[in-house]
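Notes to accompany the following structure.
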Amino acid sequence: MSENDTGAAPSAAPKHFLEQWIEDDVAAGRTGGKVVTRFPPEPNGYLHIGHAKAICLDFGMAEKFGGECHLRLDDTNPTKESDEFAENIKEDIRWLGFDWGEHFYSAADYFDTMYEIAERLVQTGRAYVCFLSQEEWKKHRGIPTEPGIPSPWRDTPPEENLARLRDMKAGKYKDGECCLRAKIDMASPNIHFRDPVLYRINRLPHYHLGTKWCIYPMYDFAHPIEDALEGVTHSMCTLEFEVHRPLYDWVVDRMDEMGMLVERGGVKIRPHQREFSRLGISYTVMSKRKLAELVEKGLVSGWDDPRMPTLCGLRRRGYPARAVRAFCEGVGITKFISTTDVGILESAVRDELNKSAPRRMAVLDPVKLVIENMAPGETHECDAVNNPEDPAAGTRKVRFGRELWVERADFMKDPPKKFHRLSPGREVRLKYACLFTCTGFSEDENGNVTEIRGTWDPASLGGNAPDGHAVRGTIHWADAATALALPVRLYDRLFSVENPDADPDRDFKELLNPESRKDATALCEPALAAAVPADGAVQFERLGYFFPDPIDSKPGAPVFNRTATLRDSWAKIAKGG
RNA sequence: UGCCUCUUGGUGUAACGGUAGCACAACUGACUCUGGAUCAGUUUGUCCAGGUUCGAAUCCUGGAGAGGCAACCA
């Protein structure tokens with residue numbers, strides 16, 4: 001799926017600092033002829049749009065430099081990992097349009113090697129088994145401003161450590177009774193150098209390896225080993241791992257000493273880590289914990305609720321994968337902490353859907369319109385354009401008769417001058433059908449309009465004014481005799497404030513937008529019965545983009561999710577006065 | 001009162017010592033059988049103070065502000 005098919009010179013696009021970094025390494029011959037990146041999710045949750053940014057970066061850089069990107073499940077902690085998460089992760093990445101080819105790996109693939117490295121570190125006096133409790137260790141470790149105190153187990157002879165490590169592996173100790181620590185520097189200003197844990201005991205079964213192991217490597221130990229073993233050249237992650245980098249390099253150094261770095265093209269491949277800023281988007285939250293809380297408390301319908309920033313949620317909402325990718329390209333890669341306006345995402349979605357979505361007519365808040373100079377039972381057909389942005393999409397026939405449904409908001413009893421829609425004495429165009437002049441209306445005792453009356457100009461069938469005079473307003477409609485009532489879900493932003501994380505003392509759940517989902521029934525032109533998820537979102541003319549819900553739709557009976565509204569400049573005029 | 005990182009319009013970013021540009025948003029106008037789309041145009045910015053330089057968003061010094069690090073999570 002090439003993005004550079006426009007003929008534009010690739011060198012013209014500005015390079016972000018990571019692309020520059022890779023380019024320099026390639027030029028210096030450090031990659032052995034192949035750039036290798038990796039996307040390493042832990043299968044303990046669903047991917048969200050923040051992950052999409054990383055996926056686009058990891059796969060995108062590999063593609064740009066003609067290399068490969070490995071999908072590697074970082075399953076080093078059996079506590080919350082499962083195949084369900086693993087499968088969803090794969091599906092989401094494929095949906096985005098990326099392909100890892102043969103390069104699917106799992107941290108668990110390397111457990112034997114990792115253990116072997118651990119034993120060698122013990123044998124060379126670079127690691128020891130520590131029996132300090134977590135509370136005791138917390139005191140020993142110290143705080144960033146003060147050096148730590150060495151563990152009493154720090155100088156245990158290697159042979160004893162080796163025996164204890166083997167006992168750990170053999171299950172002779174209880175969970176948490178001891179751990180394997182690297183012996184580095186208890187006085188380092190970098191906490192991660194103060195004898196970090198390499199292995200801990202955990203008897204929960206691993207989702208793939210079952211009870212084969214009762215000890216599991218920590219991320220800081222496992223990640224550089226995985227990268228090195230796979231010949232990864234460029235390991236990109238988010239900013240919070242920046243302080244872990246010296247430890248990453250320490251592990252790679254040890255592997256180098258052990259002669260374990262892979263060679264490619266006569267070059268020893270040393271993986272390097274660099275960090276970039278994670279994606280933040282306004283009016284939503286991105287933390288796995290908070291998203292999980294929304295799901296668990298039933299505040300959304302699930303991980304794939306169309307209001308969720310998860311990839312499965314966006315997909316169910318009707319966001320095209322291309323739009324998500326275009327958005328990720330657009331936000332760029334930097335080290336600044338930032339929050340991207342959700343409007344930019346929505347803009348990417350509209351931009352994509354405007355080009356691709358077929359147009360249909362549906363009325364969300366209906367009021368009856370009667371064409372008084374048309375006989376009951378009289379019907380006409382008109383040609384409707386399927387997509388003005390794509391002539392190849394052709395036209396379709398739409399039927400109409402004496403009674404139609406039109407949008408309540410398209411009528412005003414006493415309108416301001418700039419209102420170009422229905423009101424007594426005014427003429428509008430009924431899209432694709434004819435010109436219509438409003439002559440009167442009825443209302444109930446509360447002043448709610450119940451019926452709009454008027455006359456049509458039969459000579460304008462097809463929408464053209466016979467004398468060529470200009471008609472300012474065009475409104476959409478549905479034929480009352482044939483309209484289909486279909487359920488729609490009107491989605492809006494999940495939170496009512498820009499930054500739900502802003503105040504740590506305020507429960508973010510109180511900031512949910514109570515209007516983020518409104519259910520309604522749309523009166524639709526009959527063609528809409530055939531809408532299916534595989535065809536993507538359709539545009540309800542003048543209203544927005546709507547996508548058949550993949551779960552709740554039945555054949556011939558779609559349930560529509562509103563993906564995005566159309567820009568509405570009348571709303572701005574009306575609001576501004 | 002430790003270490004590391006960052007600071008460019010409202011928001012996200014570009015400019016690698018040489019005209020501060022782009023996208024989104026906003027605002028004008030044109031066009032339009034979607035008050036959509038499209039097209040043209042406008043408004044808004046280098047955190048502060050010094051220094052180096054013919055010339056600084058960029059280099060140096062100091063300050064201010066923001067974020068990260070003290071899980072046997074990743």
Side-chain angles (χ1 to χ4, degrees), chain A residues 13-17 20 40-42 44-45 74 76-77 79-80 130 132-134 137-138 141-148 175-181 188-192 194 196-202 215-216 218-220 222-223 237-246 275 277 279-280 282 288 330-348 350-351 354-355 359 361 384-385 388-389 418-421 428-433 435 462-465 471-476 498 539-544 565-574:
Chain A
K15 295 178 187 117
H16 53 70
F17 74 104
Q20 189 63 57
E42 186 186 12
N44 70 347
D74 217 356
T76 57
N77 182 353
T79 309
K80 294 165 292 179
C130 175
L132 245 27
S133 71
Q134 285 186 56
W137 173 252
K138 201 172 174 180
R141 183 184 46 220
I143 54 175
T145 51
E146 291 166 26
D175 285 23
E177 188 176 348
C178 60
C179 64
L180 182 73
R181 320 194 85 94
S188 172
N190 184 339
I191 291 282
H192 298 96
R194 322 246 268 225
V197 173
L198 264 24
Y199 266 93
R200 80 289 213 182
I201 303 170
N202 186 345
I215 59 171
Y216 290 91
M218 299 291 290
Y219 168 87
D220 282 327
H223 208 83
C237 60
T238 46
L239 244 31
E240 67 270 25
F241 290 99
E242 204 159 24
V243 284
H244 295 240
R245 193 156 96 202
E275 311 80 17
S277 175
L279 176 66
S282 60
K288 213 179 258 186
V331 295
I333 303 291
T334 67
K335 297 184 78 158
F336 327 145
I337 50 111
S338 61
T339 303
T340 297
D341 192 324
V342 70
I344 294 179
L345 210 210
E346 291 165 348
S347 169
R350 289 193 189 102
D351 186 51
N354 175 51
K355 289 181 274 186
R359 271 59 167 176
M361 290 201 290
V385 174
E389 304 295 317
K418 289 188 216 163
F419 186 78
H420 304 309
R421 308 177 189 180
V428 299
R429 188 192 313 276
L430 295 171
K431 181 117 187 162
Y432 304 126
L435 298 181
N464 299 309
V471 177
R472 196 62 200 271
T474 299
I475 64 170
H476 61 98
E498 234 178 274
Q539 185 194 100
F540 289 4
E541 296 223 32
R542 302 210 305 138
L543 295 175
T565 59
L566 251 30
R567 286 180 67 221
D568 186 353
S569 44
W570 165 246
K572 278 181 225 157
I573 295 166

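Lettering follows sequence order; numbering is per chain, from 1.
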With sequence neighbours excluded, residues passing side chain to side chain donor-acceptor pair (under 3.5 Å) with A/N44: A/E42, A/K288
Separation of atom CG in A/L543 from atom C1' in B/rG35, rounded to whole Å: 13 Å
For A/Y432 against A/E541, the heavy-atom pair lying closest together: OH-OE2, 2.5 Å
Gap in Å between the two P atoms, one belonging to B/rU5 and one to B/rG62, rounded: 15 Å
Distance between P atoms of B/rG45 and B/rC22 (Å, rounded): 15 Å
Check: A/G463 main-chain N/O paired with A/R429 side-chain donor or acceptor under 3.5 Å: yes
A/H244 and A/H192 aromatic ring geometry - parallel, tilted or perpendicular at 30°/60° bounds: tilted
Contact summary for A/I191 and A/P144, nearest pair of heavy atoms: CD1-N, 3.9 Å
Non-neighbouring partners of A/Y199 that pass ring pair (Phe, Tyr, Trp, His ring centres under 6.0 Å), sequence neighbours left out: A/F221
Nucleotide B/rU34, atom P - distance to CZ of A/R472 in whole Å: 11 Å
Nearest-Å distance for atom pair CG/P, residues A/L279 and B/rG12: 11 Å
Polar side-chain atom of A/S277 near backbone of A/F336 as donor-acceptor pair, under 3.5 Å: yes
Pairwise C1' distance for B/rC6 and B/rG55, with rounding to whole Å: 27 Å
Comparing A/G330 and A/H420 on RNA chain B - which has the more 5′ nearest nucleotide: A/G330
Spacing of the P atoms in B/rC59 and B/rA15 (rounded, Å): 13 Å
Atom-to-atom span, CG of A/D351 to C1' of B/rG36 - whole angstrom: 13 Å
Protein-nucleotide distance (A/N354, atom CG; B/rU32, atom C1'), rounded to Å: 13 Å
Paired stretches of RNA chain B - 3 or more consecutive Watson-Crick or G-U pairs, each distance under 3.5 Å: B:2-7 with B:64-69, B:10-13 with B:21-24, B:26-30 with B:38-42, B:47-51 with B:59-63
Anti/syn call for B/rA71, syn if |chi| within 90°: syn
Base B/rU34 paired with A/Q539 side chain (donor-acceptor, <3.5 Å): yes
Whichever of A/E541 and A/E498 has its nearest RNA chain B nucleotide further upstream toward 5': A/E498
Donor-acceptor pair, side chain of A/R200 and main chain of A/G176, under 3.5 angstrom: no
Minimal non-hydrogen separation, A/W137 against A/L132, with atom names: CE3-CD2, 3.8 Å
Base versus backbone protein contacts along nucleotides 63-74 of chain B [heavy-atom cut-off under 4.0 Å; B, S, -]: ---SSBSBSBSB
Nearest-angstrom distance from the residue atom CD of A/E346 to C1' of B/rG12: 15 Å
B/rU43 to B/rG21 separation - P atoms, rounded to the nearest Å: 11 Å
Ring pair (Phe, Tyr, Trp, His ring centres under 6.0 Å) involving A/W570 - partner list, sequence neighbours excluded: A/F419
Distance-only side-chain donor-acceptor flag, A/T79 / A/N77, under 3.5 Å: yes
Letter per nucleotide, 5' to 3', of nucleotides 14-30 of chain B [B base touched, S only sugar-phosphate touched, - untouched; heavy atoms, 4.0 Å]: S-B-------S-SS---
Below 4.0 Å: OP1/OP2 of B/rG36 and any side-chain N or O of A/S569: yes
Separation of the C1' atoms in B/rU19 and B/rA57, to the nearest angstrom: 14 Å
Backbone N/O of A/V342 and side chain of A/S282: donor-acceptor pair under 3.5 Å: yes
